[in-house]
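Note sheet for the following structure.
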Number of protein chains: 2
Amino acid sequence: MTVVQRQTGQASPAEGQGGVRAVTRALDLLIELSSWDRPVGLTELARRVDLHPTTALRLLESLRTRRFVHQTADRSYVLGSQTFEVGSAFLRNVSIWSQANQLADQLAASTGETASVGVLDGGQILYIAIARGQHDVGIASAAGTRHPAYCTSLGKAIMAELPAESVAQILRDDPPVRLTPKTLVDMDSLFRELGLVRKRGYAVDNEERTPGVLCVGAAIRDHQGKPVGALSISGPATRMREKGIAELGRSVATSAQAFSA
Amino acid sequence: MTVVQRQTGQASPAEGQGGVRAVTRALDLLIELSSWDRPVGLTELARRVDLHPTTALRLLESLRTRRFVHQTADRSYVLGSQTFEVGSAFLRNVSIWSQANQLADQLAASTGETASVGVLDGGQILYIAIARGQHDVGIASAAGTRHPAYCTSLGKAIMAELPAESVAQILRDDPPVRLTPKTLVDMDSLFRELGLVRKRGYAVDNEERTPGVLCVGAAIRDHQGKPVGALSISGPATRMREKGIAELGRSVATSAQAFSA
DNA sequence: AATGAAGTTCCGTACAACGCAATAGCTGTG
DNA sequence: CACAGCTATTGCGTTGTACGGAACTTCATT
């Protein structure tokens, strides 16, 4: 099915409201491009974001002059280095960033499992540092990716420290969806779970996001006690259970606590 | 002096040629914002990029809907998490990224000095990983920043492996400027220097970019022998000389070589 | 209260961004 | 080798839209 572009089109009232259409389109191109791991041709890229190739060409031209995209020898497009420069600047403003990698490395070394550090960003967990464990099986999320808060140990650890109203807001913005048979989707179960997290001092994602993967996380607090991020380890559910969830939980909680100070 | 904005204005013929004005302006806002380490108000930001506040507001609105910027409670602007997500995607496509941090960490641990990994990007060195040494004195560049190739050990190490024509192109695009009394600015000196780098197997930035700072670097090659990046250590010139430039050079070259394989 | 600065909304206009169509390059195929 | 099919690029006329000015609202400072 090919949707024909109409200049007057626009339609979708909820989408592009407010801003400048050309800019929104250009950003969509940039985001689309970032999901590719190899160069993409103009037409292909334009089709993905439902733009006329001519329009996409001009938008990409702007992105190119500012080095947000780069054109390869065969005229295909890849992300440009400016994206990394700006992204790095974002990280510098995340309070826990400077030590996030160290923290993840330490925990990965001491547990042998993959360790992650993330922050809460608009109802979702944004991973900012990953350290792969010895027996890594490639189940960890990459730095820079995001996942819903309600089905990750990081998210639950942070939400457990927030006022109920904030949590409700988060869950309203990003309503839980059943990703695995074990995903907690109703508010009651989730709030009960958060109570448990507070009591234990650590959160568990028991195959709630990915079948077979179990994560244990704890919140990192600032000097005022407010949660600024969280720390977790993840691994195959069977191996994690062998090692003992409670023990891993204490380990993560201890690391997070030490780091908070 | 306040420059009044005229819609017809535009003027500067070399600047915005080709692309879409609104997009270029929005990207300039984003880049400007990335140079701040605290929230900026609309008017302040608009003034910096020489835009009418109304115009900036709408452009920022687009950036906000796509989460490239975020508005704080007091309506000031900071970078949004999308910048980091896209920037991370850029890194994933840099071949040496996945191991760059490890490599830097190792070298920093073994030498005690700050280690950096960078790639050549449009005539400049883009730093993609930094590991601070034990006695760090805060002279290293942050990841995500860039510096000219001709006055860094990373840049010289990479250029030494490139065909003369490519080097000439790089130097033409980004003509050398005297940053310190020791900076090499003329083509002849630079090409002679690159010959020396090839012979020794490592490059030295002897206070050519920052007075008092000395760096030693070596290129990282892919399986075909082409340089894909470089590795360096940096420290106060006096201490580096005490440790012995030649020895440090061999150390860096060995690490880079081992990693290339 | 008055002043000033910053943020936001509204609006008419001009022009810049748009989509179309046509051209040019490239690849593979009958 | 011509031809068809695809992609990238250029030129162009139209109109929709991005623009800046002015007015209004907050909010902070005097």
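Because the structure is predicted, anything quoted here is derived from the model rather than measured. Order of the sequence lines sets the chain letters (A, B, ...), proteins ahead of strands, with each chain counted from 1.
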Q: List in numerical order all residues of residues 35-48 of chain A for which some heavy atom is under 4.0 Å away from an atom belonging to DNA chain D.
A: A:G41, A:L42, A:T43, A:R47

Q. If we only count heavy atoms from C-beta on, is the B:E85 to A:L126 side-chain gap below 4.5 Å?
A. yes

**Q.** Separation of atom CZ in B:R58 from atom P in C:dT8, rounded to whole Å
**A.** 13 Å

Q.
Return a single string for nucleotides 23-29 of chain C, one symbol per nucleotide in 5' to 3' order, where B is base contact, S is sugar-phosphate-only contact and - is none, cutoff 4.0 angstrom on heavy atoms.
A. -------

Q) Would you say A:R25 reaches C:dG19's phosphate, i.e. side-chain N/O to OP1/OP2 under 4.0 Å? A) yes

Q.
Could you tell me how far apart B:L59 (CG) and C:dT8 (P) are, to the nearest whole angstrom?
A. 14 Å

Q: Starting from C1' on C:dG7, measure out to CZ on B:R64 and report it in whole angstrom.
A: 14 Å

Q | d(CG, A:L51; C1', C:dA17) in whole Å | A | 12 Å

**Q.** Donor-acceptor contact below 3.5 Å, side chain A:T24 vs main chain A:V20
**A.** yes

Q: Check every atom of C:dC18, D:dG11, D:dA18 against the side chain of A:T54 and return the nucleotide holding the closest atom.
A: D:dG11

Q. Any idea which of C:dT8, C:dC18, D:dC19 is nearest the A:A22 side chain?
A. C:dC18

Q | Whole-Å gap separating P (D:dC19) and CG (B:D50) | A | 14 Å

**Q.** Side-chain donor-acceptor contact under 3.5 Å, A:R146 with B:S81
**A.** yes

Q) How close or far is atom P of C:dG19 from atom CG of A:L57, stated in whole angstroms? A) 13 Å

Q. Among C:dG19, D:dC19, C:dT9, which nucleotide sits nearest the side chain of A:H52?
A. C:dG19

(Q) Quick check: do A:N93 and B:D37 have side-chain heavy atoms less than 4.5 Å from each other? (A) yes

